[in-house]
Each structure stands twice: as C-alpha cells, then as structure tokens.
Protein chains: 2
Amino acid sequence: MARTQGSHSDITGPRIRKAALGLFARHGYAAVSMRQIAKDVGVQAGALYNYTPDKQSLLFRLMHDHMQDLLAAYAELDSLADAETALRRFVGFHIRFHMERPDEVFIAYMELRNLTPENFSEIEGLRRAYEDSLEAILRDGQKAGLFAVADTKIATLAVIAMLNGVMTWYRAGGRLSLDEVEQVYWDMVRRAVTA
Amino acid sequence: MARTQGSHSDITGPRIRKAALGLFARHGYAAVSMRQIAKDVGVQAGALYNYTPDKQSLLFRLMHDHMQDLLAAYAELDSLADAETALRRFVGFHIRFHMERPDEVFIAYMELRNLTPENFSEIEGLRRAYEDSLEAILRDGQKAGLFAVADTKIATLAVIAMLNGVMTWYRAGGRLSLDEVEQVYWDMVRRAVTA
DNA sequence: ATCGTATATGAACAACCGTTCATATAGAAC
DNA sequence: GTTCTATATGAACGGTTGTTCATATACGAT
C-alpha cells in the first residue's frame, strides 16, 4: 500500500511538528525516535522526510518558530510608556505568553545543547534580543531614577529566571488564578528593582 | 577474602561516576552511551557493570549523592538567627554551593524526567526538603513582620528560581567576583520579600 | 479516461544501543 | 609457589537508531 489517505501535505506537516513538540517536551529530543513521532502522526517513519530534511532540522524549526513568535508578539506591545509601566507590561506579557506555550518554552531552553553549533547561535541570538528588550526597560528606569539595580544585565537575567520559575509549578485550575500569579510576581519584581 | 589493597574497585568506581557526571551534564543522559562513559574512563563497556547495575542507577546515584550533599551542607549552617540573617545566609550558601558543582546542579534538574517513577519520587522528596527550609525562613520573617510576601510557597520558588539563574551566566574570572554576585542577588532578594 | 505528480509505504542499510557472559589476568593470601 | 578471587576483556545478544529509496497509490489536471 501507499498513500492510504488523500493529499495531506498542508495537514501532515503541522501534525508532525505538533507531535514532535509534545514528544520532545515530554521525553527529550535525544530520547524520542523518528518512528515514535511517525506513530503519533499515524504514518510511517519514511514519510517524515517529506517534511523535514532530518531530525535536527525538526528541532531547530520548533525552537526558531517559537522565538520568532515571542519577539513578534512582544513587538506588538505599546512601548510608549514610563519604565515602571513598561516593566509591569513585560512581566504580564512574559508570564502569559509563556504559560500558553509550556511545551515550546520547555524545549526552547532544555534542548539548546542538542542544537548544532550554527543552529545554537541563531537561537541564542533571538533569545538575546528578547533579553535586551527587558534590559532596555531597566536602563531606562535606572536613568530616570525609578529603579536602583547594581547591574542592569544581572537584574535582567534575574528577573527572567524568576519569571520562568512560574512554569515549573503553575497549573491551571490550581490555588491561584493567572491574574493573581501575575500580581504576586509583579509585586516581587517591582520591589526587587525599585529605588 | 576480598583484596584490600591494590584493588581498582575504589578507584574505578569514582572515575566512572565522574566521567558520567561530565558527559551527562554536557550531552544529556539519553544522548550518552555506556560505551562513551567507558571510553572516557579507559575501560571496556562491560566493566562498568561491576560498579552499577545499569545506566539508570548511575544517573540516580549522581543525583542522590548531590542532594544529600546539599542537605548535609545546609544543615551545618547555624540556624539560630533572625529571619533576615537566615535569609542572607541562605542566599550566600545557595549561590556558593551550587557554583562549586555546576555539573551536578545541571543534571539534578535537567535529568529528572529520565528517572524511573520511584527514583523520581525520592529525588523530588529531597528537593522539597531543601525548599521547605527556605520557606520556613520566609514564614518566620513573615510572622515577625520583617517580610511581606503574598504567598510564602510562591516566594520560595521565585527566590530559588532567581538564584538558580546565576548558574546560567556566571563564569569565574568574569566581570564580577563571587562576593559581588552574592551582594547583588542578596539586595534583590531582600527587597523582593521585605515589608 | 488518462496522465503526471505529490505523497506514503515498507523494506533495507549500517551503525549503535544497553546488557550479558565465558574467559583471561593480576595481585593478595596462604 | 600455589590458590583464590576481584576485576577487566571482548565478543555476542536482540533490538533500535536515523536515513534512504524503489515502489505503489490517490488525487488534480487534462
């Protein structure tokens, strides 16, 4: 038998990526085989190669798409605001955006070491661009006398690390609503950097 | 009777663990083969099984030893102090202890998903014990009116996440000394939780 | 109704996986 | 010097890996 179903190129491609996303997030890139992904999609392993040159490219595509989405979504935020407002918006945006994409987020920082050096550099660049946008806010507020941090670069990484911690414990329907989580984290971030 | 001198068992065992530690940290548990570990030690793969029942046990041992070391070292800190002093000590201890063991730390939270359910539970329990000791400090300070956090459990996880962020960027010999890093983080933590 | 092409199959490839085991060796104990 | 045994070898096990490819099919266009 061949092609047991109809023409599906615009359907199978996304389905492969979705299956790979879930499996990579749950078991890790190295622990997932192309045959497992294929089985998840309901297809033979060979068919995957109509949609990706190889396994590495599949991982890279997932991470790259995610980072592009992140930067594009953040770019849509209104940036004309004082530093404190901008920081509050950043905290809210970061928490909500990442909360909606737990698998992508998990992969994006867990599977960095499984990228080829070239692919790693590209993802790293995108991530740095995102970090820079937060550091710009902190430098802005620092200059205006609103913030008082010893080092904006360290503060940037500390804030992001703290916010990323949400993903390790928050579960929808838990003790706190997303609004409450956002409020709690905003309180801590504000106090950590405010003069 | 067993050989008490000239035996390699007390040499090869640690060497295997050390090799596995470095390789797991760099490439990930699933991506490292027993043959790679053996090669690193300078031995054939079969010889590893004189020192570990299987690959899983090797990973578990590394994580378990690390968590035990962490709890034992923390237990040695003098705990008779007000909450603010205790928190400052915790921050300093956490940063320094983890900085000295980058590979162990990396493995301890990156390879959790590669543990069997039983092994995962055990490691999880040890980690919770460590987190609880920080939460006890925060609750203490909260009761004394020194701290003001909305939720001690969330604050606990947020502080640990923030401190763990150090490991992702700090390199010895860099722009900041370890003392300075500790000071900067302590400032941020203190302000984030202080009333 | 026929054709051409996009899409999937399923077998095959060499390489590698974790683990086992019969065998060899080297050093301590007697 | 002989014996004993902890330790290491190296081949072998069945199974899985990522990837390729000739082949078969189902659909869109003619």
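Scope of the values below: all heavy atoms of this structure, side chains included, with no hydrogens, waters or symmetry mates. Throughout, protein chains are lettered first and strands after them, A, B, ... in sequence-line order, and every chain is numbered starting at 1.
Of the listed nucleotides (D:dG10, C:dT9, D:dG18), D:dG18 has the atom at the smallest distance from the side chain of A:Lys55. Side chain of A:Gln44, nearest nucleotide from C:dT19, D:dA8, C:dT9: C:dT9. Proximity note for B:Asn50 (side chain, C-beta onward) versus D:dT7, D:dT19, C:dT9: the nearest is D:dT7. Listed nucleotides: C:dA8, D:dG18, C:dT19. Nearest to the side chain of B:Asp54: C:dT19.
Comparing B:Ala45 and A:Ala45, the nucleotide of DNA chain C nearest to each residue sits closer to the 5' end for A:Ala45.
The CE atom of A:Met34 sits 15 Å away from the C1' atom of C:dA8 (whole-angstrom rounding). One can place NZ of B:Lys39 at 16 Å from C1' of D:dG10, the figure rounded to the nearest angstrom. Computed from coordinates, the B:Tyr49 OH to D:dA6 P distance equals 21 Å when rounded to whole Å. One atom, CD1 of B:Ile16, and another, P of C:dT19, lie 13 Å apart when rounded to the nearest Å. As a whole-Å value, the separation of B:Tyr29 OH from C:dC17 P is 13 Å.
Between C:dT7 and A:Tyr51, no contact under 4.0 Å exists linking OP1 or OP2 to a side-chain N or O. Checking the phosphate oxygens (OP1, OP2) of D:dA8, a side-chain nitrogen or oxygen of B:Thr12 falls inside 4.0 Å.
Remark: aromatic rings of B:Phe106 and B:Phe24 are distant, center separation not under 6.0 Å. Ring pair B:Phe60/B:Phe120: centre-to-centre distance not below 6.0 Å. A ring-centre distance under 6.0 Å is not found for A:Phe93 and A:His98.
By the 4.0 Å N-to-carboxylate-O rule, A:Asp179 lies close enough to A:Arg96 to be salt-bridged with it. Note on A:Arg190 versus A:Glu84: no salt bridge recorded, every NZ/NE/NH1/NH2 to OD/OE distance being 4.0 Å or above. With salt bridges taken as basic N to acidic carboxylate O contacts below 4.0 Å, none links A:Lys143 and A:Asp140.
Across the helix from C:dA1-D:dT30 to C:dC30-D:dG1, the helix axis at one end is tilted relative to the axis at the other end by 10° (nearest 10 degrees, each axis from five pairs).
With sequence neighbours excluded, no residue satisfies salt bridge (Lys or Arg N to Asp or Glu O under 4.0 Å) with B:Arg128.
Between the side chains of B:Glu111 and B:Asn114, a donor-acceptor pair is found at a separation under 3.5 Å. Donor-acceptor pairing under 3.5 Å is recorded for the side chains of A:Asn164 and A:His94.
B:Val32 comes within 4.0 angstrom of sugar-phosphate atoms only, judged by non-hydrogen atoms across all strands, and of no base.
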(message) Output one letter per nucleotide in nucleotides 11-16 of chain D: B when a protein non-hydrogen atom lies under 4.0 Å from the base, S when only the sugar-phosphate is that close, - when neither is.
(response) -B----
